[in-house]
Amino acid sequence: MTGGDIAGLIAAGVFALLVLLLAVPILKLGRVFDEVRTSIRSLSDGATPLMDEVTATVSTTNQQLKKVDGITANVSDASANISALSSLVAATVGSPLIKVAAFSYGVRSAFSNRRKSSSGRRSR
């Protein structure tokens with residue numbers, strides 16, 4: 001065995017030791033990747049039912065909002081009808097009531113002026 005053969009054996013031993021030292025972190029990294037894969041799979045399996053429930057909830061909420069939209073449309077129509085009815089009542093009843101009130105005020109004023117003037121004649 002020559003010096004070159006011994007140097008080659010030492011280099012081969014050092015290389016084998018280096019490979020063994022690097023194999024340990026690579027194996028640990030492989031286990032980490034296996035754990036990550038398992039975690040992602042379990043997360044995906046847990047997320048799928050949640051997404052189904054959210055989809056059902058959104059669908060139910062949309063149906064309820066359609067019902068509420070119909071209710072608000074009916075309430076809007078009813079309030080418009082009530083507004084028109086109150087305007088009609090105000091125009092129909094209000095104008096004659098104002099005229100009657102003005103007439104009665106005129107009659108009261110005339111009677112009160114007549115009483116004042118007639119009471120004034122008596123005192124003379």
Side-chain angles (χ1 to χ4, degrees):
M1 257 208 194
T2 63
D5 290 337
I6 294 175
L9 282 174
I10 292 174
V14 169
F15 184 73
L17 184 64
L18 180 67
V19 168
L20 287 175
L21 289 175
L22 290 177
V24 173
I26 290 174
L27 289 175
K28 287 184 180 181
L29 185 62
R31 289 185 194 136
V32 168
F33 283 146
D34 289 340
E35 284 294 321
V36 168
R37 186 180 313 124
T38 305
S39 297
I40 290 173
R41 187 173 296 136
S42 67
L43 190 72
S44 174
D45 292 342
T48 303
L50 286 176
M51 287 183 197
D52 292 340
E53 288 179 21
V54 167
T55 303
T57 302
V58 168
S59 175
T60 304
T61 303
N62 283 338
Q63 291 172 356
Q64 295 299 324
L65 286 176
K66 286 178 185 176
K67 290 179 183 178
V68 169
D69 189 35
I71 291 170
T72 55
N74 291 337
V75 168
S76 175
D77 291 343
S79 65
N81 290 339
I82 290 172
S83 174
L85 182 64
S86 66
S87 297
L88 179 67
V89 167
T92 304
V93 176
S95 179
L97 282 179
I98 291 172
K99 289 178 183 177
V100 167
F103 178 73
S104 66
Y105 177 74
V107 169
R108 280 186 308 196
S109 297
F111 279 131
S112 67
N113 287 338
R114 190 168 186 195
R115 284 184 188 166
K116 288 180 183 178
S117 63
S118 66
S119 64
R121 287 184 186 169
R122 285 185 184 170
S123 60
R124 285 187 192 183

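By convention here, the first residue in the shown sequence is residue 1.
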Whether T92 side chain and V89 backbone form a donor-acceptor pair below 3.5 Å: no
Side chain S104, main chain V100, donor-acceptor under 3.5 Å: yes
Working to the nearest 0.5 angstrom, can you tell me the gap between [X] [atom1] and [Y] [atom2]?
| X | Y | atom1 | atom2 | answer |
| --- | --- | --- | --- | --- |
| T48 | L43 | OG1 | CG | 9.5 Å |
| F15 | L20 | CZ | CG | 10.5 Å |
| D52 | T57 | CG | OG1 | 10.5 Å |
| S83 | L88 | OG | CG | 11.0 Å |
| L18 | L22 | CG | CG | 4.5 Å |
| N74 | S79 | CG | OG | 10.5 Å |

Positive for side chain to side chain contact (heavy atoms under 4.5 Å, CB included) with V58, one of T55, T61, V54: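 Passing option: V54.
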Qualifying residues under salt bridge (charged side-chain N to carboxylate O under 4.0 Å, His left out), relative to R37, sequence neighbours excluded: D34
Qualifying residues under side-chain contact (heavy atoms from CB on, under 4.5 Å), relative to I10, sequence neighbours excluded: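 Partners of I10 under the side-chain contact (heavy atoms from CB on, under 4.5 Å) test: I6, V14.
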Partners passing side-chain contact (heavy atoms from CB on, under 4.5 Å) against K28 (at least two apart in sequence or in another chain): V24, R31
Joint cluster assignment, I40 & V32, ILVMFWY side-chain distance < 4.5 Å: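 Same cluster: I40 reaches V32 through Ile, Leu, Val, Met, Phe, Trp or Tyr contacts under 4.5 Å.
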Distance-minimising heavy-atom pair for D69 and T72: O-OG1, 2.8 Å
